[in-house]
Structure formats: structure tokens, C-alpha cells
> 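The structure that follows is given in the form of C-alpha cells.
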Protein chains: 2
Amino acid sequence: MTDLDFNAVAKQFTEFYYSQFDKDRSQLASLYRDTSMLTFQETQIQGSKGIIEKLVSLPFRKVSHTVTTLDAQPDTRGGVLVLVTGALMVDEEQNPLQYTQVFNLFNEGQSFFVQNDIFKLISL
Amino acid sequence: MTDLDFNAVAKQFTEFYYSQFDKDRSQLASLYRDTSMLTFQETQIQGSKGIIEKLVSLPFRKVSHTVTTLDAQPDTRGGVLVLVTGALMVDEEQNPLQYTQVFNLFNEGQSFFVQNDIFKLISL
């Protein structure tokens, strides 16, 4: 274990991320770096600019994430791994979509950025 | 990106892991180290010995994993992040359980070990 309060980091990050995503996902760029990678369903993208372009291009206007489970672990290098399962509602769709998402947060002094981000809808 | 064939690493690791898990999960110790962490549902465990004790103690005899999706990304330190969604059947149960699992693989020369492992059943 480490002195890092990784559960608090994960909770704070996740709340900020989904709240900002649902409000205005074009403003998420500060969480990513040029080395960051996003896998969104089948698409893989590297770099903050491309990642935000991808998120903005997603074919829905309204979106709302609900986190069902949130688990975190420290790695041995000051990073925090976060696994989320949840549901999202888009536009006027009545049925929530189940998803899972992992964030690999790397530290940068006292703050964190997203090195890895993999988002998958769960087919039932 | 990197020269590391992270997709091949992820595929090879995942095939070995689930095949060995389903055959004899007491033999998975070589994949973990003393620093490794497992979150299995609500339980968090550190270290190879405790992790294997936990896996062996799970209340089923027969188990079979089927991987539905497998996604991988390199980090910037030679590691590979792997996100799996899948289904598992236990004992004589007729209905598969949906799960998601993330592995954070760290490299050790030419091989890899599991630094982080988070397993969650998906409640529908």
C-alpha cells in the first residue's frame, strides 16, 4: 500500500470527469496529455487533441452517466488505476446503456492526468 | 505508440490466465508479485500468496470464462493495460454471469506480471 489516498483520488477524478462530460465534454482536454490513449468501443486514439475531437463527435447531444461501481488501486509508481461500471442515458433514449471504463491515472506532482482510458459498452 | 506489441501481449496473457484459472487456479501465483493487488468484488488483497488463497477459496469448483471483448493499451513505461468483458459459468449454474476485469501488466525484462487486477461482476 502507499500513503496516497487512491480511493479519494479516484472518487474525485470520476466525479469531475463524468460531471464535466455530461455538461460539456469539449472541456475535458486538461485531463489528457500527448501520450494519452483512448479506446472508445473499437476506436483507438492517441493525444489530447484527437481524444477530445472524438468525444465531441459522438452522435448524441444530451448524455448522463451514472456510476454503479467504482474501484481503485495504486500502482507502485504513484499512479492510480480506476475501474468503473455504470449506465448512461443519451438524448431521448429510454433505456440506459451499461458500460465499463478504466482510467489509468499518472501523477504529475500533486495532480493526475489520464494516461490510459478504455470505454466499452456491455452487450447483454 | 511503442514498438511493444501490446495487443499480442494482452491476448497471450489473457488466454493463459483464463485457461489456467479454469483448469487449476491454485497455479496462478507466478503471475503475481508481493506488490500485486487484487480487488475481487468488494475484497482487496495485496501480495501473490494472499491473492491465490482468495482465488482458491472462491465457492465454486467448476468455472469457465468466455472473453467477449479484449482491449489493450501500452502505458509509457513498458506496461500494458488490459480490459476484458466476458461471461463466466460456475458449477451447474445455467445462467452465465457477466463480468469486467482489468489487468495492469508491468514488465520485468521480457516478461510481464500483474501489478493490478480488478474483477467485478456486472449487476444488470
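Remember, predicted model here, so these are calculated numbers, not experimental data. All chains are named by letter (A, B, ...) in the order of the sequence lines, taking the proteins before the strands, and each is independently numbered beginning at 1.
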> Any chain of hydrophobic side-chain contacts (each under 4.5 Å) joining B/Phe113 to B/Tyr17?
no
> Using the rule that Ile, Leu, Val, Met, Phe, Trp and Tyr join whenever any side-chain heavy atoms are under 4.5 Å apart, tell me whether B/Phe106 and B/Tyr32 fall into a single cluster.
no
> For B/Glu92, I'd like to know if atom CD has over 12 heavy atoms of other residues, nucleotides or ligands within 6.0 Å.
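Result for CD/B/Glu92: open.
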> Nearest heavy-atom pair of B/Gln115 and A/Pro74: which atoms, and what distance?
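Closest heavy-atom pair between B/Gln115 and A/Pro74: NE2-O, 4.3 Å.
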> Near A/Gln41 CD, under 6.0 Å, is it more than 12 heavy atoms from other residues, nucleotides or ligands?
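More than 12 heavy atoms, drawn from other residues, nucleotides or ligands, come within 6.0 Å of this atom.
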> Applying side chain to side chain contact (heavy atoms under 4.5 Å, CB included) to A/Leu83 and B/Leu83, what does each step give before you reach the verdict?
CA-CA 9 Å; A/Leu83 181 65; B/Leu83 181 65; 3.9 Å; yes
> So if I apply the side-chain hydrogen bond (donor to acceptor under 3.5 Å, both in side chains) rule between A/Lys120 and each of B/Thr69, B/Thr68, B/Asp71, which one comes out positive?
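Testing each of B/Thr69, B/Thr68, B/Asp71 against A/Lys120, the sole residue satisfying side-chain hydrogen bond (donor to acceptor under 3.5 Å, both in side chains) is B/Asp71.
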> Between A/Thr85 and chain B, with a heavy-atom cut-off of 4.5 Å, which part of the residue counts as in contact: side chain, backbone, both or neither?
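The answer is the side chain of A/Thr85.
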> Against chain A, label B/Leu38 side chain, backbone, both or neither, depending on which of its atoms sit under 4.5 Å from a heavy atom there.
backbone
> Look up atom CG in A/Asp34 and atom OG1 in B/Thr76, then write down how far apart they are to the nearest 0.5 Å.
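If I round to the nearest 0.5 Å, the distance is 12.0 Å.
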> For B/Thr100 and A/Gln101, what are the C-alpha separation, side-chain angles and deciding distance, and is it a side chain to side chain contact (heavy atoms under 4.5 Å, CB included)?
CA-CA 9 Å; B/Thr100 183; A/Gln101 188 163 16; over 6 Å; no
> Test of understanding: clusters of I, L, V, M, F, W, Y form through side-chain heavy atoms closer than 4.5 Å, transitively. Do B/Leu105 and B/Val67 belong to the same one?
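In one cluster with B/Leu105: B/Val67, yes.
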> Side-chain heavy atoms under 4.5 angstrom apart, residues restricted to Ile, Leu, Val, Met, Phe, Trp, Tyr: same cluster for B/Val102 and A/Tyr99?
no
> Give a yes or no answer on whether the side chain of A/Gln44 reaches the backbone of B/Ala72 with a donor-acceptor pair at less than 3.5 Å.
yes
> For a quick check under 3.5 Å, do A/Gln73 and B/Asn116 share a side-chain donor-acceptor pair by atom type?
yes
> Select one option (side chain, backbone, both, neither) describing which atoms of A/Ile118 are under 4.5 Å from chain B's heavy atoms.
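Contact with chain B: backbone and side chain both.
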